[in-house]
Student: 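Questions regarding the structure given below will be posed in turn.
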Amino acid sequence: MKTWHDIATDGGSDVAGQVAVQADRLAERLSDIRYIVAVMSGKGGVGKSTVAVNLAAALARNGARIGLVDGDINGPSLGRMTGVQATTPPQRTGGAVSPPETTLGVRVMSMALFLRDETTPVTWDAPSQSGGAAWRGLREAGALRELIADTAWGALDMLLVDLPPGSDRLPTLADVAPRIDAAVVVTIPSAVALDVVGRSVRMIQQHLDVSSLGLVENMASHACPHCGQADPLYPPGRTDRLARTLDVPVLARIPFDPVLGMAADEGHSYVYEHPDRPAACAFTELADQLKLLLDAS
Ligand SMILES: Nc1ncnc2c1ncn2[C@@H]1O[C@H](COP(=O)(O)OP(=O)(O)O)[C@@H](O)[C@H]1O
Ligand SMILES: [Mg+2]
């Protein structure tokens, strides 16, 4: 197999030129966006999308203009979780697609909005659906770039990007976006999750130019539906120990709340409908702490 060094030209396709044009279009589209923030974790199923949706809602509830991109191209979930899946498909006007908005005015863009229904899998035109991993990786990065660059976001105070699991996802976003102002890293306090999350944070600290980093501890406790008392679900102190070792703050702690899980499934806004529940207060705290972190950087 040839390496890049063996290939003298790109065969006339001007790949470098095409990438430069796309990068310019992206920079232009994002020029009115104050902060770009990734919500991520090395680990799957820890609540990244839940945190992204409810952080967006908590910020919007305080008057901020917020955009939310579903960075999970193959397993998009934000259409359902934000309730915008049920609205009409996004309309293209001029060169850009108008994003649908949630009850609180959060502008949402997700691959799910372009699929016929929730049973339709995402596939790529490729020589075959098996094999071709490098090809699929490129197509996914390209699709993420298009979701961000071809959306008419307008002026935003913050664009949140909900990334799928894997420590390679932030580098992909870093390739696609002109800058990443902060990474909100979600974990649960299981040793398995904390190991993976610790590695992801070290990778960011060592290899990426992300000025602000913070952890969110999800599902460390269960808020009693009757009295609101929080019962721990894991031995206490684990997330704090990792945070100290990594020298990053814990921005918020979100308790387990079945009402939050149901709201996600039904596409209702938990923060809007249940503002006084402990997890909704924790999302407000997260919004405040993130703003402080960004303003200090
Ligand atoms: N704090 C929480 N309380 C109750 N359910 C939660 C909480 N956080 C996440 N969930 C539920 O756990 C599941 C996984 O969450 P999700 O946000 O999709 O994770 P990820 O994006 O990391 O894969 C979802 O069904 C979600 O509703
Ligand atoms: Mg997710």
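Remember, it's a predicted structure, so these values are computed and weren't measured experimentally. Residue numbers count from 1 along this sequence. Order of listing sets the numbers, starting from 1, for every ligand and every atom in it.
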Student: Within a strict 4.5 Å, meaning less than it, do heavy atoms of the Leu246 and Arg202 side chains meet?
Tutor: yes
Student: Any side-chain heavy atom of Pro249 sitting closer than 4.5 Å to one from Gln289?
Tutor: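 When only atoms from C-beta onward are counted, Gln289 and Pro249 do not touch, as no gap falls below 4.5 Å.
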Student: Look at the N, O or S atoms of Thr50, main chain and side chain alike, and state whether any lies under 2.8 Å from the Mg ion (ligand 2).
Tutor: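 Not a single backbone or side-chain N, O or S atom of Thr50 is under 2.8 Å from the Mg ion (ligand 2).
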Student: For the OH atom on Tyr272, are there more than 12 heavy atoms of other groups (residues, nucleotides or ligands in this structure) within a distance under 6.0 Å?
Tutor: no
Student: Within the 4.5 Å heavy-atom criterion, are Ile73 and Leu147 side-chain neighbours or not?
Tutor: yes
Student: Of all the non-hydrogen atoms in the protein, which one sits nearest to atom 6 (C) of ligand 1, and at what distance?
Tutor: Met219 SD, 4.1 Å
Student: Answer yes or no: does an N/O atom from Ile254 fall short of 3.5 Å to an N/O atom of ligand 1?
Tutor: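 N/O-N/O distance under 3.5 Å: no.
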Student: Is there a protein heavy atom less than 4.0 Å away from atom 25 (O) of ligand 1?
Tutor: no
Student: Grouping I, L, V, M, F, W and Y whenever their side-chain heavy atoms are under 4.5 Å apart, do Phe256 and Ile254 come out in a common cluster?
Tutor: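 Linked, Phe256 and Ile254 end up in one cluster.
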Student: Hey, does Thr239 have a side-chain heavy atom less than 4.5 Å from the side chain of Leu215?
Tutor: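 Yes, their side chains come closer than 4.5 Å.
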Student: Does even one non-hydrogen atom of Pro255 get within less than 4.0 Å of ligand 1?
Tutor: yes
Student: Any heavy-atom pair between the side chains of Met262 and His268 that's under 4.5 Å?
Tutor: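 Contact flag for His268/Met262 side chains = no.
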Student: Checking the N or O distance criterion of under 3.5 Å, is ligand 1 in contact with Asp257?
Tutor: yes
Student: Please list, in number order, the atoms of ligand 1 under 4.0 Å from a heavy atom of Leu260.
Tutor: 1 (N), 2 (C), 3 (N)
Student: To check your reading of the model: name the closest protein heavy atom to atom 19 (O) of ligand 1, its residue, and the distance in Å.
Tutor: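 So the nearest neighbour among protein heavy atoms is Gly47 N, 3.1 Å.
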Student: Mark up the atoms of ligand 1 that fall under 4.0 Å of a heavy atom belonging to Gly261, in ascending order.
Tutor: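 Atoms satisfying the 4.0 Å criterion: 4 (C), 5 (N), 27 (O).
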Student: Salt-bridged, Asp157 to Arg34, with N to O below 4.0 Å?
Tutor: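 Arg34 and Asp157: not salt-bridged.
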Student: For atom 5 (N) of ligand 1, what is the nearest protein heavy atom, given as residue, atom name and distance?
Tutor: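 Going atom by atom, the protein heavy atom closest to atom 5 (N) of ligand 1 ends up being Phe256 CE1, 3.7 Å.
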Student: Below 3.5 angstrom, do we get any N/O pair linking Gly45 and ligand 1?
Tutor: yes
Student: Does ligand 1 come near enough to Ala264 that some N or O of the ligand is less than 3.5 Å from an N or O of the residue?
Tutor: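 No, Ala264 has no N/O under 3.5 Å of an N/O on ligand 1.
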Student: Less than 4.5 Å apart, any side-chain heavy atom of Trp153 and any of Asp32?
Tutor: no
Student: Tell me which one of Val39, Asn218, Thr50 gets a heavy atom nearest to atom 15 (O) of ligand 1.
Tutor: Thr50
Student: Does the Asp150 side chain pair with the main chain of Val97, one donor and one acceptor, at a distance under 3.5 Å?
Tutor: no
Student: Do any nitrogen or oxygen atoms of Ser49 lie less than 3.5 angstrom from nitrogen or oxygen atoms of ligand 1?
Tutor: yes
Student: Using a 4.0 Å heavy-atom threshold (strictly under), name the region of Lys48 that reaches ligand 1: side chain, backbone, both or neither.
Tutor: both
